[in-house]
Amino acid sequence: MQEGYSPKSMEAKWQGIWEERKVFHCEVDPSRPKYYVLEMFPYPSGRIHIGHARVYSIGDVLARYKRMQGFNVLHPMGWDAFGMPAENAAIKHGVHPAGWTFENIDTMRAQLKRMGYSLDWRREVTTCVPEYYRWEQLFFLKFLEKGLAYRKQAPQNWCETCHTVLANEQVIDGQCWRCDSHVVQKDLTQWFLRITDYAQELLDDLDTLEQGWPERVVSMQRNWIGRSTGAYISFDLEHPAEDGTSAIRVFTTRPDTLFGATFMSVAAEHPLVEQLIKDSPRADEVRAFCTKVKNSDRLQRGAEDQEKEGIFTGAYCLNPLTGQRMPIWVANFVLMGYGTGAVMAVPAHDQRDFEFATKYGLPKQVVIQPAGEPLDPATMDAAYVDAGFLVNSSPFDGMPNEAAKTAIVQHLESQGRGEPAVTWRLRDWNISRQRYWGAPIPVLYCDDCGVVPEKEENLPVVLPLDVKTREDGRSPLPDYAPFVQAPCPSCGKPARRETDTMDTFVESSWYFIRYSAPWEHGRPFDPAALKYWLPVDQYIGGVEHAILHLLYSRFFVKALRDLGWLQFDEPFKALLAQGMVLKDGAKMSKSKGNVVSPDEMTDRYGADAVRCFLLFAAPPERDLDWSDTGIEGSFRFVQRVWRLVDELKDVLPACAAASSTAADVAEAGLPDAAELRHKEHVTIQKVAEDIGEKFQFNTAIAAIMELVNQLYQGKDALLATPAGARVLSSAVSTMLTVLAPVTPHLCEECWSRLGHTDLLAAATWPVLDPAALVKDAITVVVQVNGKLRARLDVAPDIAEDVIKAQALAEPNVQKHLEGKTVQKVVYVPGKLVSVVAK
RNA sequence: GCCCGGGUGGCGGAAUGGUAGACGCAAGGGACUUAAAAUCCCUGGGCCGCAAGGCUGUGCGGGUUCAAGUCCCGCCCCGGGUACCA
């Protein structure tokens, strides 16, 4: 009797059975190879969206496939549960951030379970519970002890809308990464983590990641870290400043052009500016200019069409090599935050200085000469920035400029006027947030003892839940006495707790380590579990985290390693950066009304069809355009498999995947049998390669579709004999087995309906018979002068001279050789014969 | 500007230097049906041809090769990242 495909009940049934039999639970087992596959954990924003469904489907196929390959697979899930949306929702709906968060988690957990992901739910981690964040409070104390965490006052990125500071990485085009509002600068005392201590290692270790990480992510990190080598050079002031300052120090990557430095540019914020103009009649004018520059916000200041502007301070410094007087200018393009905030200007060889000098009529001196036409400052229309030989730089004239870099720095060094130097674009990580819904920073302020770390035994410093969040979004913590008032851990007198919380990127910087043993209570990690499971073998997530999360996590692993907790250097051996899910070519958004809900799709088509479509429609790293007709297609495919098995379940002997033999084929005596068994084994190989090595799930599914098509083609003929039926049954079993990672419920149900009592979820990958990959007849094409003229069906081991003769004898080949002489015949075994004739 | 991707049928997308367009979607045709849906089968880059077959075709222009979507050189367009970083 026929039975319709009803995914809803069937999927729920198998999810229950997998859970009951603990198929996806994993334990440390050093006798087996492990595979740790992880997708970036979600922020519990309310509901799973289609983008989530895509990443987790990709990860799940990999997890299930690796399990079938015999790996002990760790595939966990958790919640990045601290963060501002919870506070915003709390304000909007009058609920508590905690309640909102936990409700969302419950909803989303149920949604993920409905998708049938093979997760070990015992390892679920939620970052907003004290049992989790207590450990990062401990890390913080250790960092503090080591000087890796420190407090400093500095201008910070401040978002007015979020009422909090932001790290450099979280400011995008002068705007807040979360709410897109303008970021302004505000002078504040904040907690920092010394990520710059690891700049060199973070850069160097990118080399070891090149194998498994997308090149673009590696290069984005390289650029972000931004290592520059060059030199610090001191320029004496013509007249020492009142406060005793006698020189300006600059950083340059081009010490070879020092002889061409004709003026000096300093940032508006440079402390020396005030000293230089103190008694100058120009003082007011200069101050006004500086104020103007400082007030222009970050966005304007960084705009590419920003006109270069400056003002002469009236003061001079001296070129250390030529002794020439160099006017000191304040320039709007010089940043206080990079290098020393002062730049030696070489207009002939730096485009910015060139434009600036042209505008203000400052001298240009050529000191690097390319081979060929000599440069003339009067006729140059742009700076010459490429390689060349030194001129006007006695005694370095004639030297290649690369060599001159070292030579000049050495010379300066011997005079105490310079030294080689390396600077970084990377800044220390500001982790203070003036928000409520985050992990408290475990320090106190005591009037007598100053800044005092909380005692380790007093951890966790629990974020109080019985507070009322404020309408305006500001943190309620500073006004909440039971939290703020606490005894000083050092002297016991009343002290004040720090009310800033940690950046939520701190939680996500180590959650993947905690998964190895989230049940540990006395310590953050279980060393045996760490040793076995870490690092992550395959990490999967959106490329939008290329810098933020991935850089912070890399830093955290290195810092925790140096504290003795970890024994590995990099968190993620391989990274798959998956593309976005679009609708009609555009990003899904509520305002556009083009949001596709995975729930709705799962209700209508079942989780398997949704998974299948998400994997089939595009390779993972590319953006995927959701298509309503496309999901219909996947739904049809799923049902096509269903019907095939439904039709065959009572007439086929249940047999293992890839169990038919060459003898069965011979006995069946049908071309269909040979072809089907060949296809069966080709598919095993192709799918393994596409899933396991190339991450091309779309072509893996295409290969299985081909097998399904061939099963439909051959089934009737094959059912005629017992041997044929064995060949058919083996191929059906193989098809279900290799498809199981993609549509696990469907395959499991079909498997059991075929009479199997074991679980496909716990099955092993079919064993390939290399002999079955060899076809007994192959098609070889014949080209004449590069154009296809004939096809030959021949035995694979046909001798070269035989096939060449056959090729030449083909009528259509003869026709195209008329009036020509054959000059050369190339044979590529198994592929083609190429005839060259004139 | 610089650094990454990418440009292939009506669409999503396949192709270790070796039959371009696998697989799917949409389309057309056929079978089944009273009919429709569903299903099953067939066709399908363009032009010419009843067909066999021919010409042409992977953003543009060159090149290497018996053979180029694929490799090299020079461009154009689209997407992303990034930038007065000295």
Side-chain angles (χ1 to χ4, degrees), chain A residues 4 172-173 214-220 222-224 226-228 230 250-254 257 261 265 267 301-308 331-335 337-346 350-353 355-356 423-426 543-544 546-547 577 579-580 585 612-613 616-619 621-634 636-637 639-640 643 686 696 698-709 712-713 779-791 811-812 815-816 823-837:
Chain A
I172 295 157
D173 291 333
E215 191 188 325
R216 62 183 162 140
V217 176
V218 172
S219 86
M220 279 164 79
R222 276 210 182 96
N223 290 336
W224 190 267
R227 184 183 201 267
S228 295
V250 303
F251 174 75
T252 179
T253 56
R254 295 295 306 270
T257 63
S265 308
R301 222 170 150 176
E304 70 185 271
D305 50 1
Q306 173 84 342
E307 175 78 17
K308 290 187 180 30
N332 66 344
F333 63 86
V334 180
L335 307 174
Y338 186 80
T340 64
V343 185
M344 69 178 209
V346 186
D350 179 281
Q351 187 56 29
R352 288 159 310 188
D353 298 340
E355 287 167 31
F356 196 83
T423 58
W424 305 87
R425 213 185 89 107
L426 184 69
V543 75
E544 65 271 17
I547 294 174
M580 286 186 300
C612 181
F613 175 72
F616 179 66
E621 65 285 356
R622 220 179 291 185
D623 286 347
L624 180 152
D625 208 347
W626 180 271
S627 150
D628 293 331
T629 53
I631 176 72
E632 295 273 356
S634 292
R636 266 203 295 273
F637 169 66
Q639 293 182 91
R640 199 167 144 77
R643 273 193 306 273
K686 168 91 175 144
Q696 292 206 359
N698 55 333
T699 51
I701 294 169
I704 299 168
M705 286 173 168
E706 286 185 55
L707 177 58
V708 170
N709 290 345
Y712 267 93
Q713 302 276 334
T779 303
V780 170
V781 297
V782 185
Q783 292 180 350
V784 178
N785 290 336
K787 290 194 174 161
L788 181 67
R789 298 302 179 192
R791 288 160 214 274
N812 199 40
K815 192 174 122 195
H816 287 276
Q823 302 198 311
K824 189 170 161 188
V825 182
V826 180
Y827 175 53
V828 181
K831 296 273 184 187
L832 57 68
V833 177
S834 182
V835 182
V836 188

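Proteins get letters first, then strands, A, B, ... in listed order; numbering begins at 1 in each. Predicted model only: the values in this text are computed from it and were never measured.
The residue A/Pro619 sits close only to the backbone: its heavy atoms come under 4.0 Å of sugar-phosphate atoms, none of a base. Here A/Val836 lies in heavy-atom contact (under 4.0 Å) with sugar-phosphate atoms only. No engagement by A/Asn785 is indicated, since no non-hydrogen atom pair under 4.0 Å with the nucleic acid exists. Across all strands, A/Glu706 comes closer than 4.0 Å only to sugar-phosphate atoms, never to a base (heavy-atom distances). When heavy atoms are screened at a 4.0 angstrom cut-off, A/Gly633 is found touching the sugar-phosphate backbone but no base atom. If you check every strand for non-hydrogen atoms under 4.0 Å, A/Asp353 touches nothing. Contact annotation for A/Gln696: backbone-only contact, meaning every heavy-atom pair under 4.0 Å involves sugar-phosphate atoms and none involves a base.
Atom name C1', nucleotides B/C75 and B/C85: the rounded distance is 31 Å, in whole Å. Between B/A37 and B/A27, the distance separating the two P atoms is 11 Å to the nearest Å. Comparing the same atom, C1', in B/A67 and in B/G63 gives a spacing of 15 Å after rounding to whole Å. Using atom P as the reference point in both B/U65 and B/A83, the two lie 45 Å apart (nearest Å). Taking atom P in both B/C66 and B/G12, one finds a spacing of 37 Å when rounded to whole Å. One C1' atom belongs to B/U58, the other to B/G17, and the distance between them is 15 Å to the nearest Å. Rounded to a whole angstrom, the distance from the C1' atom of B/U39 to that of B/C48 is 38 Å. Rounded to whole Å, the separation between the P atoms of B/C42 and B/U34 comes to 25 Å.
Here the straight-line distance linking atom CH2 of A/Trp224 with atom CH2 of A/Trp424 works out to 15.0 Å at 0.5 Å rounding. Once rounded to the nearest 0.5 Å, the distance linking CG of A/Asn785 with NE2 of A/His816 reads 10.5 Å. One finds the OG1 atom of A/Thr699 at 4.5 Å from the NZ atom of A/Lys686 (value rounded to the nearest 0.5 Å). Note: A/Asp625 CG to A/Met580 CE = 10.5 Å, rounded to the nearest 0.5 Å. For the atom pair CZ (A/Arg425) and CZ (A/Arg222), the distance works out to 15.0 Å, reported to the nearest 0.5 Å. Between A/Asp353 atom CG and A/Ser265 atom OG the span is 5.5 Å, to the nearest 0.5 Å.
Each of A/Ser634 and A/Ser228 lies near RNA chain B, and the nucleotide nearest A/Ser634 is the one positioned closer to the 5' end. Comparing A/Val343 and A/Ala703, the nucleotide of RNA chain B nearest to each residue sits closer to the 5' end for A/Ala703.
Taking the six-membered ring where the residue is Trp, the centroids of A/Phe616 and A/Phe637 are separated by 6.0 Å or more.
A 3.5 Å limit on both hydrogen-bonding distances identifies B/G74 as the Watson-Crick or G-U partner of B/C60. Across all strands shown, B/G24 pairs with B/C11; the Watson-Crick or G-U wobble distances both stay below 3.5 Å. In a base pair of the Watson-Crick type (N1 to N3 plus N6-O4 or O6-N4) or a G-U wobble (N1-O2 and O6-N3), with each distance short of 3.5 Å, B/U33 is matched with no nucleotide. Using the Watson-Crick or G-U wobble rule with both distances under 3.5 Å, B/G69 pairs with nothing in any strand shown. In this entry B/C85 has no Watson-Crick or G-U wobble partner, no candidate having both defining distances under 3.5 Å.
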Practice problem: Please step through side-chain contact (heavy atoms from CB on, under 4.5 Å) for the pair A/Ser834 and A/Val828, ending with a clear verdict. | Solution: CA-CA 8 Å; A/Ser834 182; A/Val828 181; over 6 Å; no

Quiz item: So A/Val218 and A/Glu215, side-chain contact (heavy atoms from CB on, under 4.5 Å) or not? Walk me through it.
Solution: CA-CA 5 Å; A/Val218 172; A/Glu215 191 188 325; 5.7 Å; no

Quiz prompt | Stepwise side-chain contact (heavy atoms from CB on, under 4.5 Å) test for A/Arg216 and A/Val543 | solution = CA-CA 9 Å; A/Arg216 62 183 162 140; A/Val543 75; 3.8 Å; yes

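Among the nucleotides B/C41, B/A14, B/C84, the one closest to the side chain of A/Arg640 is B/C41. Taking every side-chain heavy atom of A/Ala618 into account, B/G13 is the closest of B/G13, B/C40, B/C23. Closest approach to the A/Ala617 side chain among B/G81, B/A14, B/G12 is made by B/G12 (side chain taken as heavy atoms from C-beta onward). Closest contact between the side chain of A/Trp224 and the listed nucleotides B/A86, B/A83, B/G13 involves B/A83. The A/Thr699 side chain lies nearest to B/A22 when the options are B/A86, B/A22, B/G12. Side-chain proximity of A/Thr252 to the nucleotides B/A15, B/A86, B/G24 is greatest for B/A86. The A/Arg425 side chain lies nearest to B/A83 when the options are B/U19, B/A14, B/A83. For A/Arg352, whose side chain is taken as the heavy atoms from C-beta onward, the closest listed nucleotide among B/C84, B/G13, B/U39 is B/C84. Of the candidate nucleotides B/C25, B/C66, B/A86, B/A86 has the atom lying nearest to any side-chain atom of A/Tyr338.
For the pair A/Lys831 NZ and B/A20 C1', the computed distance is 14 Å after rounding to whole Å. Whole-Å rounding puts the A/Gln713 CD to B/C40 P distance at 11 Å. B/C23 atom P lies 15 Å from atom CZ of A/Arg636, rounded to whole Å. Summarising the geometry, the separation between CZ on A/Phe613 and C1' on B/G12 is reported as 8 Å, rounded to the nearest angstrom. Look at OH on A/Tyr827: it is 16 Å from C1' on B/A67, rounded to the nearest Å. The CD1 atom of A/Ile701 sits 17 Å away from the P atom of B/A22 (whole-angstrom rounding). Atom CG of A/Asp350 and atom P of B/A83 are 18 Å apart (whole Å). At whole-Å resolution of the value, CD in A/Gln783 and P in B/G17 are 16 Å apart.
Using a 3.5 Å distance cut-off with no hydrogens or angles, the side chains of A/Arg640 and A/Asn709 do pair a donor with an acceptor.
With A/Phe333 as the aromatic partner, A/Lys308 meets the cation-pi criteria of under 6.0 angstrom to the ring centre and within 45 degrees of the ring axis.
The base of B/C25 lies outside donor-acceptor range of the side chain of A/Thr629, with no N or O pair under 3.5 Å.
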Quiz item: Could you write nucleotides 2-11 of chain B as a row of B, S and -, 5' to 3', where a protein heavy atom under 4.0 Å of any base atom gives B, of only sugar-phosphate atoms gives S, and otherwise -?
Solution: -SSS------

Self-check item: Sugar-phosphate or base contact per nucleotide [nucleotides 47-59 of chain B; S, B, -; heavy atom under 4.0 Å]
Solution: ------SSSS---

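A heavy-atom distance below 4.5 Å is found between the side chains of A/Leu624 and A/Phe613.
With sequence neighbours excluded, the residues forming a salt bridge (Lys or Arg N to Asp or Glu O under 4.0 Å) with A/Glu706 are A/Lys679, listed by chain and number.
Under the 90° criterion around 0 for the glycosidic angle, B/G5 counts as anti.
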